[in-house]
Protein chains: 2
Amino acid sequence: MLAKPSIKRSANTGIADEPSELRMTRQRREVYRVLLAQRDHPTAYDVFMRVKDGLPHISLATVYNCLEALVEHDLVRQVNFDREPSRYCPNLEEHGHFHDRDTGVIHDVKFKPGIKLADVLDLPHGAVIQDVEINLRGQLSLA
Amino acid sequence: MLAKPSIKRSANTGIADEPSELRMTRQRREVYRVLLAQRDHPTAYDVFMRVKDGLPHISLATVYNCLEALVEHDLVRQVNFDREPSRYCPNLEEHGHFHDRDTGVIHDVKFKPGIKLADVLDLPHGAVIQDVEINLRGQLSLA
DNA sequence: CCGATAGCAAGAACTATTCTAAATTCACGC
DNA sequence: GCGTGAATTTAGAATAGTTCTTGCTATCGG
Ligand SMILES: [Mn+2]
Ligand SMILES: [Mn+2]
Ligand SMILES: [Zn+2]
Ligand SMILES: [Zn+2]
């Protein structure tokens with residue numbers, strides 16, 4: 001995924017401020033820690049369950065808020081397969097996802113070295129790409 | 001998107017039947033006609049509104065049913081950007097989608113000739129890909 | 001410490017989609 | 001052209017992941 005600038009405008013002036021720092025609260029730190037600890041592309045609810053070990057009073061809404069904050073500050077990527085619950089991935093390298101229909105496991109899929117998207121796709125003239133999502137589905141043949 | 005075999009198994013035997021034909025009802029035909037007539041990746045609700053011109057009594061649930069049937073029989077592709085409402089595309093060539101943030105327009109994006117996904121992606125060993133989804137977001141620079 | 005801003009928790013609300021149940025249409029053998 | 005069973009349609013209810021609202025708490029700069 002390419003970087004997305006997270007601009008905020010002050011309510012008073014309407015002038016663009018610096019992109020604000022992410023305040024690392026206990027909840028956000030724990031959500032992020034959980035994502036790094038087990039990189040299996042958990043859903044928000046999965047994260048909620050895992051975070052409760054360390055923060056038993058955290059709410060699901062807070063998990064959603066934390067995930068949104070982490071995504072907006074480009075520490076975490078949101079991964080959507082069709083209309084299933086969103087999943088979250090702390091791998092910041094440009095990569096796609098392969099969903100194994102048999103096991104449900106989602107594998108990270110890297111580009112082969114030296115490949116750029118503009119090399120393989122016939123983009124509209126003047127297109128500036130800000131975000132790339134590559135989602136594959138299939139099976140892992142056991143042969 | 002790669003072809004997805006739509007196998008049905010008879011309830012009695014559990015033996016695989018032929019993939020059943022899509023029965024072209026008035027509703028399905030009209031939904032399909034609307035998709036072909038204006039290829040702007042409409043949502044189910046967009047389709048509903050357009051189909052009502054020809055079939056004023058059609059229900060939204062039927063539009064969903066028809067779209068699902070068309071997708072399952074590989075006449076139409078479902079296109080999902082993040083968690084926005086699904087959109088529908090009758091272009092059966094293998095292609096991705098570019099969402100222009102400024103205009104909201106979704107453009108079809110073809111692969112450059114001769115490119116295969118396995119050539120550019122580092123797939124897991126033994127992966128058999130059944131479905132490919134490539135979604136881009138960005139802007140069209142006017143320069 | 002003070003006032004302001006940001007974040008959290010709990011539950012309600014939202015909304016795209018799916019499900020339910022009853023009515024209608026259809027395919028097909030006679 | 002019927003009768004019959006299966007498929008489809010319809011309207012409305014239900015579902016479920018996510019977002020919003022509200023009141024409270026934590027944090028920050030001074
Ligand atoms: Mn898809
Ligand atoms: Mn995305
Ligand atoms: Zn990933
Ligand atoms: Zn398309």
Side-chain angles (χ1 to χ4, degrees), chain A residues 6-13 17-32 34 41-49 51-52 54-73 75-88, chain B residues 6 8-13 17-34 41-49 51-52 54-73 75-88:
Chain A
S6 72
I7 302 294
K8 264 195 183 171
R9 287 168 197 288
S10 92
N12 297 335
T13 64
D17 293 340
E18 296 296 301
S20 57
E21 293 294 306
L22 178 65
R23 205 146 91 183
M24 259 302 166
T25 64
R26 255 177 314 143
Q27 289 83 351
R28 287 172 183 170
R29 185 168 17 253
E30 190 65 8
V31 165
Y32 189 43
V34 154
H41 303 93
T43 64
Y45 188 77
D46 294 334
V47 172
F48 176 51
M49 286 312 187
V51 164
K52 282 213 267 191
L55 296 171
H57 295 297
I58 199 171
S59 75
L60 180 56
T62 297
V63 171
Y64 273 103
N65 288 339
C66 291
L67 289 169
E68 182 184 34
L70 292 167
V71 168
E72 261 165 19
H73 286 78
L75 292 173
V76 168
R77 284 182 54 184
Q78 189 174 355
V79 178
N80 295 302
F81 271 89
D82 301 326
R83 302 200 57 80
E84 292 169 23
S86 290
R87 298 169 173 279
Y88 296 88
Chain B
S6 71
K8 264 195 183 170
R9 286 166 197 289
S10 91
N12 298 335
T13 64
D17 293 340
E18 296 295 302
S20 57
E21 293 294 306
L22 177 65
R23 204 146 92 185
M24 258 303 165
T25 63
R26 256 177 313 142
Q27 289 83 350
R28 287 174 182 167
R29 186 168 17 253
E30 190 65 8
V31 165
Y32 188 44
R33 203 191 55 69
V34 153
H41 303 93
T43 65
Y45 188 78
D46 293 334
V47 172
F48 177 51
M49 286 311 187
V51 165
K52 281 214 269 191
L55 295 172
H57 295 298
I58 198 169
S59 77
L60 180 56
T62 297
V63 171
Y64 273 103
N65 289 341
C66 292
L67 290 169
E68 182 183 33
L70 292 167
V71 167
E72 261 164 21
H73 286 76
L75 292 173
V76 167
R77 285 182 53 184
Q78 189 173 352
V79 178
N80 295 303
F81 271 89
D82 300 327
R83 302 200 57 82
E84 292 169 21
S86 290
R87 298 170 173 277
Y88 297 87

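Note that these values count all heavy atoms, side chains included, but never hydrogens, waters or copies made by symmetry. Naming convention: chains lettered A, B, ... in sequence-line order (proteins, then strands); numbering from 1 in each chain.
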What is the minimum heavy-atom distance between A:Arg77 and A:Val71, and which atoms define it?
-> C-CG2, 4.4 Å
Within the pair A:Gln27 and D:dA26, is there a side-chain N or O less than 4.0 Å away from OP1 or OP2?
-> no
What is the distance, rounded to the nearest whole Å, between atom NE2 of A:His57 and atom P of C:dG11?
-> 14 Å
The residue, A:Arg26 or B:Val63, whose nearest nucleotide of DNA chain D is more 5′ is B:Val63
Taking CZ from B:Arg87 and C1' from C:dT17, how many angstroms apart are they, rounded to a whole number?
-> 16 Å
Do any side-chain nitrogens or oxygens of B:Ser59 fall under 4.0 Å of OP1 or OP2 in D:dT9?
-> no
Find which nucleotide of DNA chain D each of B:Arg83 and B:Leu22 is nearest to by heavy atoms, and output the residue with the more 5' nucleotide.
-> B:Leu22
Once you round it to whole Å, what is the distance between P of C:dG7 and OH of A:Tyr32?
-> 18 Å
Taking only side-chain nitrogens and oxygens of A:Thr25, does any of them come within less than 4.0 Å of OP1 or OP2 of D:dT27?
-> no
Under 4.0 Å between a side-chain N/O of A:Ser86 and OP1 or OP2 of D:dT18, yes or no?
-> yes
Rounded to whole angstrom units, what separation is found between the OH atom of B:Tyr45 and the P atom of C:dA16?
-> 10 Å
B:Glu84 CD to C:dA16 C1': how many Å, rounded?
-> 12 Å
Which distance, rounded to the nearest 0.5 Å, do you find between the CG of A:Leu75 and the CZ of A:Arg28?
-> 10.5 Å
For A:Thr43 and A:Asp46, does a side-chain donor sit closer than 3.5 Å to a side-chain acceptor?
-> yes
Rounded to the nearest Å, what distance is computed from the CZ atom of residue B:Arg29 to the P atom of nucleotide C:dT25?
-> 15 Å
Starting at CG of A:Leu67 and ending at P of C:dC8, how long is that distance when rounded to a whole Å?
-> 11 Å
Answer with base, sugar-phosphate or nothing: what part of the nucleic acid does B:Asn65 contact at a heavy-atom distance below 4.0 Å?
-> base
From C:dA9, C:dT17, D:dT10, nucleotide with atom closest to B:Ala61 side chain | D:dT10
Do the side chain of B:Arg87 and the main chain of B:Ala44 share a donor and acceptor less than 3.5 angstrom apart?
-> no
Search all heavy atoms of A:Met24 against all heavy atoms of A:Arg29 and return the closest pair with its distance.
-> O-NH2, 3.3 Å
Rounded to whole angstroms, how far apart are CE on A:Met24 and P on C:dA6?
-> 17 Å
Considering only D:dT18, D:dT8, C:dA6, which nucleotide approaches the side chain of A:Arg23 most closely?
-> C:dA6
Counting just side-chain N and O atoms, does A:Arg28 come under 4.0 Å of either OP1 or OP2 of C:dG7?
-> yes
Are OP1 or OP2 of C:dT18 and a side-chain N or O of B:Tyr64 less than 4.0 angstrom apart?
-> no
